[in-house]
Amino acid sequence: MTLQSYLAQQFDYVQWADALCLDAAASVKLEPYHREFGFSFGTVHKTLLHMMGAQHIWVGRWKGDSTRRFPTPEDLPTLDGIRQRWADIHAEVRDFVDQQTAESLQSRVSYLRNNVPHAGVLWHLINHCFDHANYHRGQLNSLVKLAGGKPAATMFVDYWRQQEGQA
């Protein structure tokens, strides 16, 4: 397996798991969906905004744009708004990942984070973005459960079981 095909496969998983997270969030009634629970980003909605926003920010950094910011609840006040915007971000990430070559994935990318210069190997940064999504999926599932919804099985093994028809 090449690095390019590995990252494309990982993004397939990320996109699949993100869709399940959105469905899990949809299982929560409106009041508890916005209820502050005191961990992660406080609410189901704010945690989804962070998860989606991080992918938006990272793909911008990979392209040389460090000016992107996280969306606020005022920017996207509804789950449907997040779902629609995330589809656009997924398309942008997919397009970017699919355009990479073995050489470009080894290049160093410079970016700003909180106005502080940082740099890293492109494929490491892409992999970090995907790993970041995993980290917050666990938090989101806890928030969904506390809010009375149905958490989603989003582990990589769940993805593969489904791909192989074992789900």
Side-chain angles (χ1 to χ4, degrees), residues 1-26 40-41 44 46-71 75-76 79-144 151-167:
M1 173 180 283
T2 66
L3 183 55
Q4 298 95 312
S5 63
Y6 169 77
L7 292 172
Q9 179 185 78
Q10 287 300 298
F11 182 69
D12 289 343
Y13 161 61
V14 166
Q15 194 169 9
W16 171 86
D18 289 346
L20 290 179
C21 286
L22 289 165
D23 291 345
S40 188
F41 290 86
V44 171
K46 289 177 186 174
T47 301
L48 286 170
L49 285 172
H50 176 80
M51 292 167 64
M52 180 199 69
Q55 291 175 18
H56 174 67
I57 288 168
W58 275 111
V59 73
R61 289 172 177 168
W62 306 333
K63 293 177 168 185
D65 176 7
S66 291
T67 64
R68 295 182 181 194
R69 62 178 181 79
F70 285 98
D75 295 331
L76 292 168
L79 178 58
D80 284 340
I82 291 174
R83 190 182 298 274
Q84 291 169 9
R85 180 69 181 111
W86 215 339
D88 295 338
I89 293 166
H90 281 153
E92 184 180 13
V93 173
R94 165 64 66 202
D95 185 56
F96 183 86
V97 169
D98 286 351
Q99 290 179 23
Q100 300 314 301
T101 65
E103 185 177 332
S104 68
L105 287 168
Q106 299 299 332
S107 67
R108 288 194 64 80
V109 173
S110 297
Y111 61 95
L112 296 175
R113 181 177 181 269
N114 299 326
N115 292 319
V116 176
H118 293 273
V121 175
L122 177 58
W123 84 265
H124 295 170
L125 299 175
I126 293 170
N127 199 61
H128 164 73
C129 179
F130 297 167
D131 187 48
H132 176 268
N134 285 333
Y135 176 76
H136 288 296
R137 274 188 214 107
Q139 294 175 334
L140 182 75
N141 267 333
S142 294
L143 287 164
V144 165
T154 61
M155 298 298 293
F156 189 70
V157 71
D158 299 313
Y159 169 74
W160 273 110
R161 285 179 181 144
Q162 184 184 59
Q163 297 305 303
E164 295 176 351
Q166 299 177 28

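Note: hydrogens, waters and symmetry copies are ignored here, and every other heavy atom, side chains too, is used.
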ask   = Between Q139 and Y135, is there a donor-acceptor pair closer than 3.5 Å when you use the side chain of the first and the backbone of the second?
value = no
note = dist L7:CG -> F96:CZ (nearest 0.5 Å) comes out at 10.5 Å
Could you list the donor-acceptor pairs under 3.5 angstrom formed between side-chain atoms of residues 8-15 and any protein atom two or more places apart in sequence or on another chain?
{"from": "D12", "atom 1": "OD1", "to": "R94", "atom 2": "NH2", "distance (Å)": "2.1"}
{"from": "Y13", "atom 1": "OH", "to": "N134", "atom 2": "OD1", "distance (Å)": "3.1"}
{"from": "Y13", "atom 1": "OH", "to": "T154", "atom 2": "O", "distance (Å)": "2.6"}
{"from": "Y13", "atom 1": "OH", "to": "F156", "atom 2": "N", "distance (Å)": "3.3"}

query = If you measure from NZ on K46 to CG on L140, what distance do you get to the nearest 0.5 Å?
reply = 14.5 Å
request  = Measure the CG-CD distance between L3 and Q100 for me, rounded to the nearest 0.5 Å.
outcome  = 10.0 Å
inquiry  = Working note: W62 + V93, criterion side-chain contact (heavy atoms from CB on, under 4.5 Å); need CA distance, chi angles, decisive distance, verdict.
reply    = CA-CA 10 Å; W62 306 333; V93 173; 4.3 Å; yes
remark   = Taking every heavy atom of V44 against every heavy atom of A25, the minimum-distance pair comes out as CG1-CB, 3.7 Å
query = Shortest non-hydrogen contact from P71 to L76?
reply = CB-CD1, 4.1 Å
remark   = By salt bridge (Lys or Arg N to Asp or Glu O under 4.0 Å), R61 pairs with (sequence neighbours left out) none
Spacing of CE belonging to M155 relative to CG belonging to N141, to within rounding of 0.5 Å = 10.5 Å
request  = Check L143 against T47 and note the closest heavy-atom contact, atom names and distance.
outcome  = CD1-OG1, 3.1 Å
request  = Heavy atoms only: give me the nearest A153-L20 pair and the separation to one decimal.
outcome  = O-CD1, 3.6 Å
key: Interatomic spacing from OG in S40 to CG in L48 - rounded to 0.5 Å   = 9.5 Å
query = Mind checking what makes side-chain hydrogen bond (donor to acceptor under 3.5 Å, both in side chains) contact with T101, not counting sequence neighbours?
reply = S104
message = Please determine whether side-chain contact (heavy atoms from CB on, under 4.5 Å) holds for the pair R161 and D158, giving the CA-CA distance in whole Å, both sets of side-chain angles, and the decisive distance to 0.1 Å.
response = CA-CA 5 Å; R161 285 179 181 144; D158 299 313; 4.0 Å; yes
inquiry  = For a quick test of reading the model, state the closest non-hydrogen atom pair linking R137 to C21 and the distance between them.
reply    = CG-SG, 3.3 Å
Donor-acceptor pairs under 3.5 Å, side chain of residues 80-92 to any protein atom, not counting sequence neighbours: which ones?
{"from": "R83", "atom 1": "NH1", "to": "D23", "atom 2": "OD1", "distance (Å)": "3.3"}
{"from": "R83", "atom 1": "NH2", "to": "L22", "atom 2": "O", "distance (Å)": "3.4"}
{"from": "R85", "atom 1": "NH2", "to": "H56", "atom 2": "ND1", "distance (Å)": "3.2"}
{"from": "W86", "atom 1": "NE1", "to": "Q55", "atom 2": "OE1", "distance (Å)": "2.9"}
{"from": "W86", "atom 1": "NE1", "to": "H90", "atom 2": "NE2", "distance (Å)": "3.3"}
{"from": "H90", "atom 1": "NE2", "to": "D18", "atom 2": "OD2", "distance (Å)": "2.8"}
{"from": "E92", "atom 1": "OE1", "to": "R68", "atom 2": "NH1", "distance (Å)": "3.2"}
{"from": "E92", "atom 1": "OE2", "to": "K63", "atom 2": "NZ", "distance (Å)": "2.8"}
{"from": "E92", "atom 1": "OE2", "to": "R68", "atom 2": "NH1", "distance (Å)": "3.4"}
{"from": "E92", "atom 1": "OE2", "to": "R68", "atom 2": "NH2", "distance (Å)": "2.7"}

request  = Evaluate the criterion side-chain contact (heavy atoms from CB on, under 4.5 Å) for residue pair I57 and F70; output intermediate values, then yes/no.
outcome  = CA-CA 7 Å; I57 288 168; F70 285 98; 3.4 Å; yes
Tell me which donor-acceptor pairs under 3.5 Å the side chains of residues 110-132 have, and how far apart each pair is, sequence neighbours excluded?
{"from": "H132", "atom 1": "NE2", "to": "H50", "atom 2": "NE2", "distance (Å)": "3.1"}
{"from": "H132", "atom 1": "NE2", "to": "H136", "atom 2": "NE2", "distance (Å)": "3.1"}

ask   = Quick one: side-chain hydrogen bond (donor to acceptor under 3.5 Å, both in side chains) partners of W16, sequence neighbours excluded?
value = Q162
